[in-house]
Every structure is written in C-alpha cells, then in structure tokens.
Protein chains: 2
Amino acid sequence: MDVKTVCLGMLTDGEASGYDLKKHFESTFGHFFAAGYGSIYPALSSLAEQGLVSCEHIPQEGKPDRKVYQITTAGHTYLLKALEDPAPSHKVRSEFLATMCFAHLMSSEQVELVLDSRIEDTERYLTMFSKIECDGMQDWPPGMRFVLGFGRAVTEAVKAYVENNRHLLAEEHKAQTAIR
Amino acid sequence: MDVKTVCLGMLTDGEASGYDLKKHFESTFGHFFAAGYGSIYPALSSLAEQGLVSCEHIPQEGKPDRKVYQITTAGHTYLLKALEDPAPSHKVRSEFLATMCFAHLMSSEQVELVLDSRIEDTERYLTMFSKIECDGMQDWPPGMRFVLGFGRAVTEAVKAYVENNRHLLAEEHKAQTAIR
DNA sequence: CGCAACATGTAAGCGGTTACATGATTAC
DNA sequence: GTAATCATGTAACCGCTTACATGTTGCG
C-alpha cells in the first residue's frame, strides 16, 4: 500500500484535487501516513494514466488549472484488490527512541529537551484529534472513526508513558524500573 | 538518524559483527527501527571507511571471515553530534490503519482477518518484550529500559484499543462511537 | 507590507528493501 | 534429510523527501 493507493482510497469519498488530498494527508491521515506534494502529484498523474481515475480540468484565473480527480470503476476494482492483504503492516520508525537508547551518553539537559519536544508533539496531535472530532465525525465511515480513535488512544499512551517514566532517564536513579 | 548512526550507537555497548547487530535490530530495536543486512553491512563498511569504527578480521573455517567492529574515538564524537537533535522524529507508517479507513468497502470477514493479524502481531511483540525482560535487563543502560517500557506500553494500548473497538467496524453498528 | 492560502508540478538524490550469491555446521 | 544458525556481501530497484520553480488573491 503506497501513496497512490491511499490517494485512490481518499477519492472514494468524492472528487478532489491534489491540493485537497494533501490536506487530508496533513489532518486525518497525518498520524500514520505522511505524504508531500512530491508524492501526491506524481501519484495522481500515474493513476490517471492507468485509467484508475478521471481528471477534470477547471480553468482558473491567475492560478494553475484546478485538476479535480474522480475514481473510475477500474479504480474501484483496483482498490478492492489492494485492500485484500490480510496482514497489512504497521511500522514505527523512531529517531526519538533510538536517541533515548543512548540517553546515558547525553547531558540531562539534552535528554529533557528531547522529552519535552516529544510531549509537545503528542499534544499537537491530541489538539488535532479534538478539532477533527468537533467538526463532524458522524458523517464519516466507521473505519475512519476507528482510525482516529486509534490515533488518539496511542498518542495518549505515548504521552502518559513519557510523563510517568522520564525520571528513569535521569542518571541519578539508575536502579528503578518502569511504571506500567 | 539513519541505520549507520544506530549501528554506531549499538557499538558503544561493545564490539560486534554485522550479524550480531542484525540480531539487535530484530529484538531490542525491532519495534521502532528495522534494518536488514542490505542496510547494515554497507553501513559498517562506510563507518570503517570514515574511521568511525575499526575492524578486526577473524578468520574462520568454512564461513566467511568474522568481522568484528569497535567504535573509535572519532566515532564517539560523531555519535554525540548525531544525538544533539533536540526534536528527533517518531514516525508511524501504517498500511493497517490505511486499510481500516476503507473498511466499509471490504467484507466483514476480510476486516476480521486484518484485525486478528494485528492482534497477533502485538502479541508477538509482548512475548518478545517479556523474554527480553527475563534474560537480564538490569545491566542495561536506563535509556534502553525506558525504550523497552515504551514499546510495551504502546503495544498494550494498541492491543486494547483494537480489541475494545473492533465492533465499530462491523457494518451493523454504524452509529456507535469509540470506547476510550 | 508581508504572510498565508490557493494551486501544480519537476528533478535530483537518498536511504532502505529485496533478491541474489555462497557455503559449512549443528540440531531435530 | 532438512531446517536453522552462522556469516558476509552486492546490485538493482523503488518510493519517498527535498529543493526548486511560478504566480495570484485576500487578510490583517
């Protein structure tokens, strides 16, 4: 499952431009599937070439033509095939955790800074989740609600863990064990 | 922070071969930083070329020479620089969540299968964490214990969330909201 | 006056994955 | 006998990131 497939999936919710899709990648999909314009625009071109989406050019003054994409029947078929994987991956790549593995090589000030930045990050996500929930989640498919709830639950777990266990990383207290 | 830097960090714990490091990437680092031989061996070669590690060739019969790497003073300096990033990233890339966004396009059997496979995955991780804790975590640096605890906490949160909210994805119950 | 939002794209490069290549030893 | 473990590597490929390129409209 790559950016192309996710774009295709987003288009099942209605027509959209690359610019529109980018906003989805930043908000609702942001916590588990990042993508920039450099991935999205080529993905849409490629989908159009394969006939999986159709494209309507809407001329605009001053701005480039707005290109609105719609999923085709072939696109739907393709998407359903892509969703058949019975064990889709769920990968974490964390420079944060890699850094924390070597906390004993760093100054405690540095470690504190890193932990603070991680907590800020989780707070940004939590704010975003609340905002999304406010402006109407009830018209969304159940899967989307499940996914948002997942993001919230995991983010809260991360925040709580970091807050409750950051004392482990102070050199003074080497013998303690993690709070569950 | 790339595979190279993580390898360098692992070598602060004592000399090791590429093969040894791979095992670390599978066990202790597995839940947040994956790497295969195709990344590790070139990384070590490159580190040696830059003088960040030294390499001892140990001849063996039948097998290729065992190459044991040790971090150098230059390597230590380099690592400390790399650890200075005050806001290291923590990224999730989840085909699982992407799939679940479109659960309404799938059969409930397919959805169930995907959810089961995710739970199995979390269980494998939890077993691994327990095993690691058993064979002596107390001699590890506090950072490593923090990271393992993080992995366990988040994995448990994932498992609980999936178990408690999978009913949201059954088409029958569209109006429900997520259990916190 | 400057910044954010609107709007699309290209191209180089990087980092990692996957498949391939080889082969002895040990445990079941 | 066959699978796992030990042990190292290369090369092609793929997908994504980053930087670059361009220009208008509207808000404060």
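Predicted, not measured: the structure shown is a model, and the values here were computed from it. Just so we're on the same page: letters track the sequence lines, and every chain starts at 1.
- The list of salt bridge (charged side-chain N to carboxylate O under 4.0 Å, His left out) pairs with a residue in residues 75-103 of chain B, not counting sequence neighbours, is empty.
- Candidate nucleotides D/dC6, C/dT8, C/dT17 were compared by shortest atom distance to the side chain of A/Tyr19, and C/dT8 ranks first.
- Here the nucleotide nearest the side chain of A/Pro42, chosen from C/dT10, C/dC6, C/dG9, is C/dT10.
- Atom CD in A/Glu26 sits about 12 Å away from atom C1' in C/dA5, given to the nearest Å.
- Regarding A/Ile58, its CD1 atom lies at a distance of 14 Å from the C1' atom of C/dC6, rounded to whole Å.
- B/Ala82 pairs by the side-chain contact (heavy atoms from CB on, under 4.5 Å) definition with B/Thr5, not counting sequence neighbours.
- At whole-Å resolution of the value, CE in B/Met1 and P in C/dC14 are 20 Å apart.
- Between A/Arg152 and A/Tyr125 the shortest side-chain heavy-atom distance does not fall below 4.5 Å.
- Listed nucleotides: C/dT8, D/dG9, C/dG16. Nearest to the side chain of B/Tyr69: D/dG9.
- Side chain of B/Arg66 to backbone of B/His57: no donor-acceptor contact under 3.5 angstrom is found.
- When the local axes at the two ends of the helix from C/dC1-D/dG28 to C/dC28-D/dG1 are compared, using 5 base pairs at each end, they differ in direction by 50° after rounding to 10°.
- Judged by closest nucleotide on DNA chain D, B/Ser45 is the one of B/Lys91 and B/Ser45 placed further toward the 5' end.
- Rounded to an integer number of Å, the gap from B/Lys22 NZ to C/dT18 P is 11 Å.
- Between A/Arg93 and C/dG16 there is a side-chain N or O to OP1 or OP2 distance below 4.0 Å.
- Between the side chain of B/Tyr69 and the main chain of B/Ala16, no donor-acceptor pair closer than 3.5 Å is present.
- What separates CG of B/Leu21 from C1' of D/dC6 is a distance of 15 Å, to the nearest Å.
- Side-chain contact between B/Thr77 and B/Leu80 is absent, with no heavy atoms from C-beta onward closer than 4.5 Å.
- Residue B/Tyr37 places no side-chain N or O under 4.0 Å from the OP1 or OP2 atom of D/dG9.
- Considering only side-chain atoms of B/Val3, the nucleotide from D/dA7, C/dG16, D/dG9 that sits closest is C/dG16.
- Using a distance-only test at 3.5 Å, with no hydrogens or angles considered, a donor-acceptor pair links the side chain of B/Ser45 to the main chain of B/Tyr41.
- Close to D/dT17, at under 4.0 Å from its OP1 or OP2, lies a side-chain N or O of A/Ser39.
- We find that CD1 of A/Ile40 is positioned 12 Å from C1' of D/dT17, with the value rounded to whole Å.
- Straight-line distance from the CG atom of A/Asp65 to the C1' atom of C/dC6: 14 Å, rounded to whole Å.
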